[in-house]
Amino acid sequence: QVQLVESGGGLVQAGGSLRLSCAASPRTFSSYAMGWFRQAPGKEREFVSAINWSVGNTYYADSVKGRFTISRDRAKNTVYLQMNSLKPEDTAVYYCAVTRSSSPLGARRSYDYWGQGTQVTVSS
């Protein structure tokens, strides 16, 4: 059973930064890509960013381009999301997810496993 554990969420003022982490286990697990999604109250879960596990290609939603950076540490089986210049509209529960296929990385249906989520709150 694959487990994803997110950490790093919290409360930050607008313009501040946070770094989210997502550790995957077991370490023998192989994935095609890992991604981050977010869900604000009353809204659908939406794609934020993804990274190809082997090559390192990265993908971003337009709303976070230039502010968020995704990266991975293959030795630690961990993916990170560095979030800078945060805005109140970034407030949401952030979920990491992993996919074993090359399906569209922006689609929720492409992902096989999900973490429990971590709350990010940006105050104005």
Side-chain angles (χ1 to χ4, degrees):
Q1 180 71 17
V2 175
Q3 289 190 324
L4 303 174
V5 180
E6 301 108 331
S7 60
L11 173 64
V12 65
Q13 289 188 333
S17 299
L18 284 174
R19 189 176 84 150
L20 305 183
S21 301
C22 175
S25 62
R27 294 193 64 179
T28 53
F29 171 77
S30 62
S31 64
Y32 176 81
M34 292 184 74
W36 288 96
F37 286 71
R38 67 186 182 186
Q39 188 167 17
K43 294 189 176 181
E44 295 286 322
R45 191 171 299 187
E46 65 175 3
F47 171 75
V48 174
S49 183
I51 186 166
N52 176 282
W53 196 248
S54 59
V55 178
N57 293 340
T58 58
Y59 309 86
Y60 297 95
D62 289 342
S63 58
V64 306
K65 278 181 183 176
R67 300 188 299 122
F68 291 10
T69 302
I70 191 170
S71 61
R72 90 274 197 232
D73 183 331
R74 292 201 287 174
K76 295 182 179 180
N77 241 26
T78 298
V79 65
Y80 304 96
L81 186 67
Q82 178 66 44
M83 306 186 294
N84 298 329
S85 302
L86 283 161
K87 305 174 181 180
E89 52 263 43
D90 294 318
T91 295
V93 177
Y94 284 69
Y95 298 89
C96 75
V98 64
T99 177
R100 289 176 164 173
S101 73
S102 59
S103 300
L105 296 181
R108 287 179 58 184
R109 67 180 185 278
S110 299
Y111 292 82
D112 304 299
Y113 301 98
W114 293 82
Q116 81 287 353
T118 186
Q119 176 71 46
V120 171
T121 303
V122 184
S123 63
S124 57

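In the hydrophobic clustering of this structure, V122 groups with V64; members are Ile, Leu, Val, Met, Phe, Trp, Tyr whose side-chain heavy atoms approach within less than 4.5 Å, directly or through other members. W36 is connected to L4 through a chain of hydrophobic side-chain contacts under 4.5 Å among Ile, Leu, Val, Met, Phe, Trp and Tyr, so both are in one cluster. No path of Ile, Leu, Val, Met, Phe, Trp and Tyr side chains, each step under 4.5 Å between heavy atoms, connects V79 with L105, placing them in separate hydrophobic clusters. At a threshold of 4.5 Å between side-chain heavy atoms, the hydrophobic network of Ile, Leu, Val, Met, Phe, Trp and Tyr places W114 and V120 in two separate groups. Note on Y80 and Y60: separate hydrophobic clusters, where clusters join Ile, Leu, Val, Met, Phe, Trp and Tyr whose side-chain heavy atoms are under 4.5 Å apart, directly or indirectly.
Using a 4.5 Å heavy-atom threshold, the side chains of W53 and T99 count as separate. Counting heavy atoms from C-beta outward, S21 and K76 have side chains that stay 4.5 Å or more apart. Counting heavy atoms from C-beta on, the side chains of R72 and M34 never come closer than 4.5 Å.
To the nearest 0.5 Å, atom CG of residue L11 and atom CD of residue Q119 are 9.5 Å apart. With rounding to the nearest 0.5 Å, the separation of OG in S124 from NZ in K87 is 14.0 Å. In this structure, OG in S71 is found 8.5 Å from CD in Q82, a value given to the nearest 0.5 Å. With rounding to the nearest 0.5 Å, the separation of OH in Y32 from OG in S102 is 5.0 Å. Atoms OG1 and CG, on T78 and L20 in that order, are 12.5 Å from each other to the nearest 0.5 Å. Annotation: the span from M83 atom CE to T69 atom OG1 amounts to 11.0 Å, rounded to 0.5 Å.
Between the side chain of S85 and the main chain of G15, no donor-acceptor pair closer than 3.5 Å is present. A donor-acceptor pair is defined here as one N or O able to donate and one able to accept, closer than 3.5 Å; such a pair exists between the side chain of E6 and the backbone of Q116. No donor-acceptor pair under 3.5 Å is formed between the side chain of T58 and the backbone N or O of I51. A distance-only check finds a donor-acceptor pair linking the side chain of S110 to the backbone of P104 [under 3.5 Å].
Ring geometry for Y111 against F37 counts as perpendicular: the plane angle is over 60°, on a 0 to 90° scale with 30° as the lower cut.
Contact detail for S17 and N84: the closest heavy-atom pair is OG-OD1, 2.9 Å. Of all heavy-atom pairs spanning V98 and S31, the tightest one is CG2-CB, 3.0 Å.
In the displayed structure, Q3 atom CD is contacted under 6.0 Å by at most 12 heavy atoms of other residues, nucleotides or ligands.
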